[in-house]
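This structure is a prediction, so every number in the text was calculated from the model and none was measured. Just so you know, residue 1 is the first one in the sequence shown, and it goes up from there.
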Amino acid sequence: PKPGACFNCGVSGHWKNECPQPQAKLSTVSVAVDSVSPVGRLFDNLDAWRHFTNNEYILNVIEKGYSIPFTSVPATVNLENNRSAFENSEFVQSEIDRSLELSCIVRSNSKPLVINPLTVVSNNDKKRLVLDCRHINECIAKFKFRYEDHRLAAKMINKGDYMITFDLKSAYHHINININQYKYQN
């Protein structure tokens, strides 16, 4: 068997070019709450994405979810929540309830292989719930990349151009994780 996990189906023992799995599609979730869930919105617009790009990788992530590029399978572990999660237990519970309501998280019927700890980060009196996945980082492929800098920006921006910013709150919920890798994300 090959080390790590397949980038197509997320199962260990083979690689993408040898994957026996058919092209499984993720299901979408409809939510009837005051807030609009970001879950499934990219998938719901898959045909539009096919119009914008023929990039196989982008379309595959939208259709089947992102497969974490594991180089080895993470060890089974049940980690305790960090102290900040215990100190802010009411906030943690309210965020879990809200995430369940928006279908950003789902209840599991079985115990996952990896239980990552929760932590609470405070910034300017605003709290954020974070799933601390440091335990699995050592099992993930490391890709080199270069940040762009002001020199490239200066070449792209012309005098009189307009600029805007976006507050992408919960933007990471737009990209689903491949269902075969849920067992490493709980």
Side-chain angles (χ1 to χ4, degrees), residues 4-5 7 9-12 26-44 57-58 60-148 164-186:
F7 285 10
C9 69
V11 174
S12 61
L26 292 173
S27 61
T28 58
V29 177
S30 297
V31 191
V33 293
D34 292 338
S35 300
V36 176
S37 175
V39 176
R41 293 184 71 191
L42 290 176
F43 179 80
D44 290 344
Y57 176 76
I58 291 172
N60 187 54
V61 167
I62 293 170
E63 186 172 5
K64 294 187 285 184
Y66 177 71
S67 288
I68 302 166
F70 287 120
T71 56
S72 61
V73 177
T76 299
V77 67
N78 182 358
L79 299 169
E80 290 290 322
N81 285 338
N82 294 317
R83 184 178 64 187
S84 62
F86 290 112
E87 292 172 348
N88 295 280
S89 59
E90 287 182 22
F91 170 76
V92 169
Q93 189 59 56
S94 69
E95 285 297 293
I96 289 172
D97 292 343
R98 186 179 71 80
S99 296
L100 281 167
E101 189 175 9
L102 293 173
S103 300
C104 294
I105 61 174
V106 293
R107 291 193 189 276
S108 177
N109 294 327
S110 58
K111 185 175 179 179
L113 297 177
V114 176
I115 299 178
N116 294 295
L118 295 173
T119 191
V120 175
V121 177
S122 296
N123 187 5
N124 296 332
D125 295 328
K126 184 176 182 181
K127 295 177 184 176
R128 235 175 1 107
L129 183 62
V130 176
L131 181 63
D132 183 354
C133 292
R134 284 182 284 181
H135 171 73
I136 64 172
N137 283 348
E138 64 192 33
C139 304
I140 299 174
K142 290 157 183 60
F143 299 103
K144 293 184 178 188
F145 66 95
R146 194 181 113 198
Y147 284 109
E148 305 301 344
I164 61 171
T165 61
F166 289 98
D167 180 9
L168 295 175
K169 182 178 180 188
S170 301
Y172 47 81
H173 291 303
H174 282 77
I175 303 292
N176 292 320
I177 297 293
N178 185 293
I179 196 165
N180 293 312
Q181 293 188 336
Y182 282 7
K183 56 192 167 195
Y184 307 116
Q185 293 290 299
N186 294 315

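- Judged as a side-chain contact (heavy atoms from CB on, under 4.5 Å), and not counting sequence neighbours, E138 has no contacts.
- E87 meets the salt bridge (Lys or Arg N to Asp or Glu O under 4.0 Å) test with R83; sequence neighbours excluded.
- In this structure, CD1 on I96 lies 9.0 Å from CZ on R107, to the nearest 0.5 angstrom.
- Judged by distance alone, with hydrogens and angles left aside, the side-chain atoms of N178 form a donor-acceptor pair with the main-chain N or O of N180 at under 3.5 Å.
- Taken to the nearest 0.5 Å, the CG atom of N88 stands 11.5 Å off from the CG atom of N82.
- Distance check, rounded to the nearest 0.5 Å: OH of Y66 to CD1 of I175 gives 10.5 Å.
- With sequence neighbours excluded, the residues satisfying side-chain contact (heavy atoms from CB on, under 4.5 Å) with I140 are I68, P69, F70, I136, N137.
- Closest non-hydrogen pair, C139 versus S72, comes out as CB-O, 3.3 Å.
- In this view, E95 and F91, R98, L129 satisfy the side-chain contact (heavy atoms from CB on, under 4.5 Å) rule, not counting sequence neighbours.
- One distance of note links CD of E101 with OG of S94; it measures 11.5 Å at 0.5 Å rounding.
- Evaluation of the side-chain contact (heavy atoms from CB on, under 4.5 Å) rule for N81 yields A85, F86, P117, L118 as partners, not counting sequence neighbours.
- R128 places none of its side-chain heavy atoms less than 4.5 Å from the side chain of V120.
- Residues satisfying the salt bridge (Lys or Arg N to Asp or Glu O under 4.0 Å) criterion with R134, sequence neighbours excluded, are D132.
- Atom CD1 of I179 sits about 11.5 Å away from atom OG of S67, to the nearest 0.5 Å.
- Residues meeting the side-chain hydrogen bond (donor to acceptor under 3.5 Å, both in side chains) test with N123, sequence neighbours left out: none.
- Partners of S99 according to the side-chain hydrogen bond (donor to acceptor under 3.5 Å, both in side chains) rule, which considers only residues two or more places apart in sequence or in another chain, do not exist here.
- Once rounded to the nearest 0.5 Å, the distance linking NZ of K183 with CD1 of I115 reads 14.5 Å.
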